[in-house]
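Small disclaimer: the values here were computed from a predicted structure and weren't measured. Only this structure's heavy atoms are used, side chains among them; waters, hydrogens and symmetry mates stay out.
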Amino acid sequence: MFPGRWRFGSDRHGEVDLFTDRYDLSAETLSQAIRAAASEEPDADGSVLFGHLQGTVVGLRYYSGVVNQGEMVGLVRQPQNQYDRNAVMVANIYGNQVGHIKRELAAAMAHVMDNNLAKVEGVVHSGTKNSFTMPLMLSFWGKEENQNTVKENMARRGFKLNTGGGKATGTKPNALQHPGSLLKNAFDNLFDGLMESEDGEKQAAEAVGTPLLPHQKQALSWMCARENKSALPPFWERRGELYYNRLTCFSAKEIPERVRGGILADDMGLGKTLTTIALILTNFHKGKPLPVEKCVRVANEFFSDRRAVCLASAIIKCGGGGVGQSDKSLVLNSSNDKEIIAFHIDSEEGGESLYDFKYLRIFITSSQCLHLLCSMLPFHPQSQPCHVVFLCPYVCVCVCVCVCVQDQFEQHVRANVKLNVYLYYGAERNRSKAFLSSQDVVITTYNVLSADFGNKSPLHGINWLRVVLDEGHVVRNPQAQMSKAVLDLKGQRRWILSGTPIQNSVKDLWMLLAFLRLKPFDAREWWNRVIQRPVTQGDRAGLQNLQTLVKCITLRRTKGSEVNGRPLVAMPEKTVCVEQVELSQSEREEYELARNEGRNTIGRYVTEGTVLRNYADVLAILIRLRQHCCHPDLLSKTSLDLGAAATPAEMRERLIEKLRFVLASGSDEECSVCLDSVRLPVITHCAHVYCRPCIAQVIGTEQETARCPLCRSEIKTNELVEFPQEEMEEEKNTNPDKWRTSSKVQALMGNLLRLRCEDSSIKCLVVSQFTRFLTILETPLREHGFSFVRFDGTLSQKKRTQVIQEFQSPAADGPVIMLLSLKAGGVGLNLTAASHVYFMDPAWNPATEEQCIDRCHRLGQTRNVFVTKFIVKGSVEENMVKIQKQKQDLVEKAFGCRNPDRKTSRMDEIKALMEL
DNA sequence: ACCGCCGGGTGCC
DNA sequence: ACCGCCGGGTGCC
């Protein structure tokens, strides 16, 4: 039925056993080896095709792995092979060994593979007549600079790579005329129109206190279906007795593992968290709700003394008929220790029996504990079997800001429902696996998760019913510890919640698919070969496949989406305007002085070609100019005159000090590795700032000496200077007597006063990167009798919630203004009470501003939203806005290749800023 | 007969 | 493997 399909009779099994005895590579360890190799799969970006080669796979009869015509195979080096240290193993997509590469060819390939000169890929194009060997098309991919080395190496051993147009990849090369633009458009649309309305709506379980909006009921229905339905994963289809994968041409007898979960990529504010809470409560097992209320009564009855320490929990369905049926027997199959314990229960006559409960949760700790349980339940030694389902503990939700999600649980779950939600966070967190297993929901942060990872992490030892990644797009670098920690969580159902599923490129998608365990793309090699490379090379089919893939597992609606001709959510309008601010004469004079001085300095660096070496200095100059635009007193605390540095060490100290100052002032600086705002900033010895994980990756991937991505100086992990995320300036209380105003302050106050006259109930966000500026603004606000709160990074978790509640409360005498530091707070921050946003100073990253606006322009906002950005006319701020725009264009154009040349573009930016 | 040729045994790495 | 390779048997035409 499938040409070129081989299977071997059991008559040879004796040999196989003999063989495996000699060479111990059981199926388990083999697939582990392949998985390990696949997880270390390097990024294939920038790989070019060196050529093809027809090779031979031998030893087919010794292995059970079968291959279809057109199927891709994996090639794994086996340096430990006792017969030939050059051995190259051939395996199919599922990691079953098919055979080996012929000895002579393997010898040539081993050198290339071991030295990472090329990645060799195999595809079986044509079948074979015999059952001993088969032809295999090999293709060699690698960095341009290795091309000749590889070709010569292979040629020397008598293997000539064909560079002609032979087809060797699984998908035919099918380049587009204008890959860039078309690709960009298609990719933009990748997450569009993923509204699955056929599922209809689903009512949430009773325990959900907040009524769901229609689109949330749809999402709930879709999520339940994704968890319960048995549709084949994308690209799999049934062909007769077999399951066949269209893309990899792999076929299997067994039904491929389904993805129970997916990506909920609704826009921010559409209620992803609420929908997920509804899912947790509504779809427990067999589509039934989480048995919350009654379960608590049972638990109290039997375990009030908490003596049962739980290693696992089980749900026992007490027969379909409930009270009526008398004799039941239970078979518990504990997945932890594989023991199967059978026992029986009998119902009591009259009164409330266990069978009154449709579900009963029993905690099982160990067989002793189970015996304890048995002695407590009314068991009868001779009874009929009934159905028992063993389940794992419930949900692990990974989030950025714990408290927000916990609040959401409190908000959306009915008060009379006792839901055990545990915040796994903080130094005092309960690390007992038993305790965590007994919770309905465990919430933790990505940081805690990765800190625990590899260190007897209790969360990794639990088999969760459901794992949910909130703001899942934050994990996208597969190299990062955090990603590894996330991928290692065990769960039956897996969800990613994200308002922005793709931030930079196709590459970022892999992490999501790997988390969802979407076979076979969770292995990097298949993802690279089938999706990533074709897509980045402009292959239309590759893009189509990606679209199909994403469509199958994603639900995304935007604020503007319509369902059945009606808007999803009626969102109020948003108006953004720029208000130009004129500096006063004295301000202008001071500004020009600083500008000329800075321009001279930077101009000198430019001609000397030392801009990047003096990067911290340049940033300090820029930030001073930006501070001049806001308020002169922002500069007062800076003793940053260059002076004459005695030694290079002293010079470096000063540069680092300057950078600390730039960061401390709250400026939203950019990391040149990820091109995003710096998270967990660290300063290198050469005074450049990066996210800690980003630079750690740079250092980690470098073989010998790592070099700074900006200036190529040598960098070492132990020389990185930490910068506390929210380090604040020493004193906040500037002397109110000495207080003076500035043009920007005037501009803001003018707006606020005008607004108060028009409608005193309007609330405003006043946003600045400079927390000190917020302090300065406090004085005139008080003076004019505005009631305000302040929200910045220094606030404790507790204080944060308190401040937000205060601001959001509709009380008449409540605060009308929130002084907000640009970077403070998580993405989940809800500030819908405000409808006016004032940006006091422009940020480098326009997305940061957008995020800030979305905190009030989101679900629940009833008024139209007005955003005002103050920009000082004829200043560095104007140039920043221009660069913001250019950057957005650039990101759109340069889609697919993330980091064109940061050194050059950063230089250009600095020059443009200083008008050089 | 220090070769060629024949035909059986055999077979991944 | 309806191959190649190895090594033993064999040997004019």
Side-chain angles (χ1 to χ4, degrees), chain A residues 2-38 40-41 52-69 71-140 150 153-161 168 250 525:
Chain A
F2 291 99
R5 187 179 162 79
W6 306 273
R7 192 171 276 285
F8 299 95
S10 51
D11 53 325
R12 294 282 195 174
H13 273 149
E15 284 174 60
V16 176
D17 287 348
L18 263 177
F19 178 78
T20 42
D21 280 344
R22 271 183 301 157
Y23 186 62
D24 185 29
L25 202 60
S26 63
E28 185 65 16
T29 53
L30 180 67
S31 59
Q32 272 167 6
I34 292 168
R35 231 178 292 132
E40 281 160 26
E41 182 82 3
H52 308 301
L53 183 65
Q54 170 96 353
T56 311
V57 186
V58 294
L60 298 183
R61 65 166 147 166
Y62 299 103
Y63 309 102
S64 58
V66 291
V67 185
N68 293 310
Q69 208 168 106
E71 185 173 336
M72 296 182 168
V73 291
L75 302 169
V76 184
R77 277 279 290 117
Q78 266 183 348
Q80 303 303 324
N81 189 305
Q82 58 173 303
Y83 303 99
D84 181 3
R85 60 187 173 81
N86 290 324
V88 176
M89 189 200 78
V90 180
N92 68 16
I93 301 260
Y94 267 22
N96 298 323
Q97 182 162 6
V98 175
H100 279 105
I101 293 290
K102 221 164 93 100
R103 195 182 198 102
E104 301 77 18
L105 179 54
M109 283 166 59
H111 180 260
V112 169
M113 290 171 83
D114 294 347
N115 292 296
N116 267 329
L117 297 172
K119 168 94 185 80
V120 191
E121 300 180 351
V123 181
V124 177
H125 282 304
S126 51
T128 182
K129 296 261 164 59
N130 73 57
S131 45
F132 303 94
T133 66
M134 67 173 170
L136 175 70
M137 187 53 90
L138 300 169
S139 42
F140 291 67
V150 169
N153 236 298
M154 296 303 292
R156 207 181 315 129
R157 291 165 197 262
F159 300 99
K160 195 170 180 308
L161 294 192
F250 183 80
E525 165 158 17

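Put simply, CZ on A/Arg85 is 13 Å from C1' on B/dC13, counting in whole angstrom units. Rounded to an integer number of Å, the gap from CE of A/Met89 to C1' of B/dC13 is 12 Å. Distance A/Leu105 CG to B/dC12 P: 17 Å, rounded to the nearest Å. Taking atom CZ of A/Arg77 as the reference point, atom C1' of B/dC13 lies 11 Å away to the nearest angstrom. When the P atom of B/dC12 is taken as reference, atom NE2 of A/His100 falls 11 Å away, rounded to whole Å. Rounded to whole Å, the distance from CD on A/Gln82 to C1' on B/dC12 is 13 Å. Atom-to-atom, NZ of A/Lys102 to P of C/dG4 comes out at 10 Å; the value is rounded to the nearest Å. We find that CG of A/Leu75 is positioned 15 Å from P of B/dC13, with the value rounded to whole Å.
B/dT10 sits 25 Å from B/dC5 when the P atoms are compared, rounded to a whole Å. Taking atom C1' in both C/dC13 and B/dC2, the straight-line distance is 25 Å, to the nearest Å.
In this structure, the side chain of A/Asn86 does not engage the main chain of A/Ala106 through any donor-acceptor pair within 3.5 Å.
Nucleotide B/dA1 is shown with a syn base, its glycosidic torsion being within 90° of 0.
Side-chain atoms of A/Asp84 lie closest to B/dC13 of the nucleotides B/dG11, B/dC13, C/dA1. In the set C/dA1, B/dC13, B/dG11, the nucleotide with an atom closest to the side chain of A/Asn130 is C/dA1.
The base of B/dC13 does not come close enough to the side chain of A/Tyr62 for any donor and acceptor atom to sit less than 3.5 Å apart.
The side chain to side chain contact (heavy atoms under 4.5 Å, CB included) check on A/Pro135 picks up A/Gln54, A/Ser126, A/Thr128, with sequence neighbours excluded. By the side chain to side chain contact (heavy atoms under 4.5 Å, CB included) test, A/Arg157 is found to be paired with A/Ala107, A/Ala108, A/Asn153, A/Phe159, residues two or more places apart in sequence or in another chain being considered.
Using a 4.5 Å cut-off on side-chain heavy atoms (C-beta onward), A/His111 and A/Leu117 make contact. No side-chain heavy atom of A/Val66 sits under 4.5 Å from any side-chain heavy atom of A/Val98.
When both pairing distances are held under 3.5 Å, C/dG9 makes a Watson-Crick or G-U pair with B/dC5.
Both stacking criteria are satisfied for A/Phe132 over the base of C/dA1: a centre-to-centre distance under 5.5 angstrom and an angle between ring planes under 30 degrees.
In terms of phosphate contacts, A/Arg61 brings a side-chain nitrogen or oxygen within less than 4.0 Å of OP1 or OP2 of B/dC12.
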